[in-house]
Amino acid sequence: MIVRFTGTCAALEFDDRGWLRLEWAEPGHDHWYQAGELRTPVTDCLALTLRPDPSDGRLHMAFRFRRPGGTEAYAELAVVAQHAADAVRFAEYLAQDYRVEVARHDPTETGDRQLGSPPPDSAPVTDPPARDAVTGTGTGQDDSADWLSAPVSAGTQTLFRSVLTRLSGTAR
């Protein structure tokens with residue numbers, strides 16, 4: 001199976017050998033050029049959060065990958081509305097065949113839920129105890145994974161892409 005999704009400034013490709021490739025371009029250009037790339041086996045994909053954008057129907061796919069040395073990498077792709085259903089089917093495929101943890105964030109609900117899981121009202125939900133990011137105790141929420149699926153402003157996305165472009169060595 002070969003899958004390709006193209007967003008505004010990013011693209012995702014899944015090939016028949018089980019590799020995912022995400023590439024991104026610097027925003028604000030009228031033509032596509034590759035500013036950076038992340039290529040990894042799909043088995044290194046730890047989680048995928050699907051976050052629909054109610055304003056225009058796009059579906060944000062936020063990936064979390066295991067990297068060499070025990071680090072993690074994060075990448076996000078916004079799929080246009082007409083391909084959002086295909087992206088959801090692709091996420092279900094990754095969950096079923098590769099055991100990728102897939103969560104769906106509904107902007108009208110609070111929190112995430114796993115694809116195929118019952119709605120939040122049908123089972124009691126307990127939040128993990130909050131911990132301070134420095135001491136490991138207290139009430140800080142810096143270690144929560146919820147930030148990955150939180151909406152961000154257009155300015156934040158532009159800043160993030162600019163930083164990634166500079167880190168990838170393609171800045172002008």
Can you name the residues that form a side-chain contact (heavy atoms from CB on, under 4.5 Å) with Asp16, not counting sequence neighbours? Ile2

Sequence neighbours excluded, every pair satisfying side chain to side chain donor-acceptor pair (under 3.5 Å) that has a member inside residues 78-88: Asp86-Arg89

On a heavy-atom basis, which atom in His105 and which in Pro52 lie closest, and how many Å separate them? O-CD, 2.8 Å

Set of side-chain contact (heavy atoms from CB on, under 4.5 Å) partners for Gln96, sequence neighbours left out: none

Tell me, do Leu46 and Phe65 make a side-chain contact under 4.5 Å, heavy atoms counted? no

For Arg99, the side-chain contact (heavy atoms from CB on, under 4.5 Å) test, sequence neighbours excluded, returns none

List in chain and number order the residues that pass side-chain contact (heavy atoms from CB on, under 4.5 Å) with Asp15, two or more places apart in sequence or in another chain; answer none if no residue qualifies. Arg17, Trp19

Under the rule for salt bridge (charged side-chain N to carboxylate O under 4.0 Å, His left out), what residues qualify as partners of Glu72, not counting sequence neighbours? Arg64

Is the distance between the ring centroids of Phe90 and Phe14 less than 6.0 Å? yes

Carboxylate-amine/guanidinium contact Arg51 Glu76, below 4.0 Å: yes

Set out, in order, the CA-CA distance, both residues' side-chain angles and the distance that settles side-chain contact (heavy atoms from CB on, under 4.5 Å) for Leu38 and Trp24, then state yes or no. CA-CA 9 Å; Leu38 173 67; Trp24 56 91; 4.1 Å; yes

I need the minimum non-hydrogen distance between Val102 and Ala91, along with the two atoms involved. CG2-O, 3.6 Å

Arg4 and Glu23 have their tightest heavy-atom pair at NH2-OE2, 3.3 Å

In Å and rounded to the nearest 0.5 Å, what is the CG to CG distance from Leu22 to Leu12? 5.0 Å

Criterion side-chain contact (heavy atoms from CB on, under 4.5 Å) on Met61 and Leu48, from CA distance to verdict: CA-CA 7 Å; Met61 301 176 76; Leu48 169 58; 3.9 Å; yes

Identified side chain to side chain contact (heavy atoms under 4.5 Å, CB included) partner of Leu20 from the options Val42, Asp44, Thr43, Val3: Val42

Could you please spell out the steps behind the side-chain contact (heavy atoms from CB on, under 4.5 Å) verdict for Leu59 and Val88? CA-CA 9 Å; Leu59 179 69; Val88 169; 3.8 Å; yes

In sequence, state the C-alpha distance, the side-chain angles, and the governing distance for Tyr98 and Cys45, and then conclude on side-chain contact (heavy atoms from CB on, under 4.5 Å). CA-CA 9 Å; Tyr98 292 97; Cys45 184; over 6 Å; no

How many angstroms lie between atom OH of Tyr74 and atom OG1 of Thr49, to the nearest 0.5 angstrom? 10.0 Å

State, to 0.1 Å, how close Gly57 and Ala84 come at their nearest heavy-atom pair, and which atoms those are. O-CB, 4.2 Å

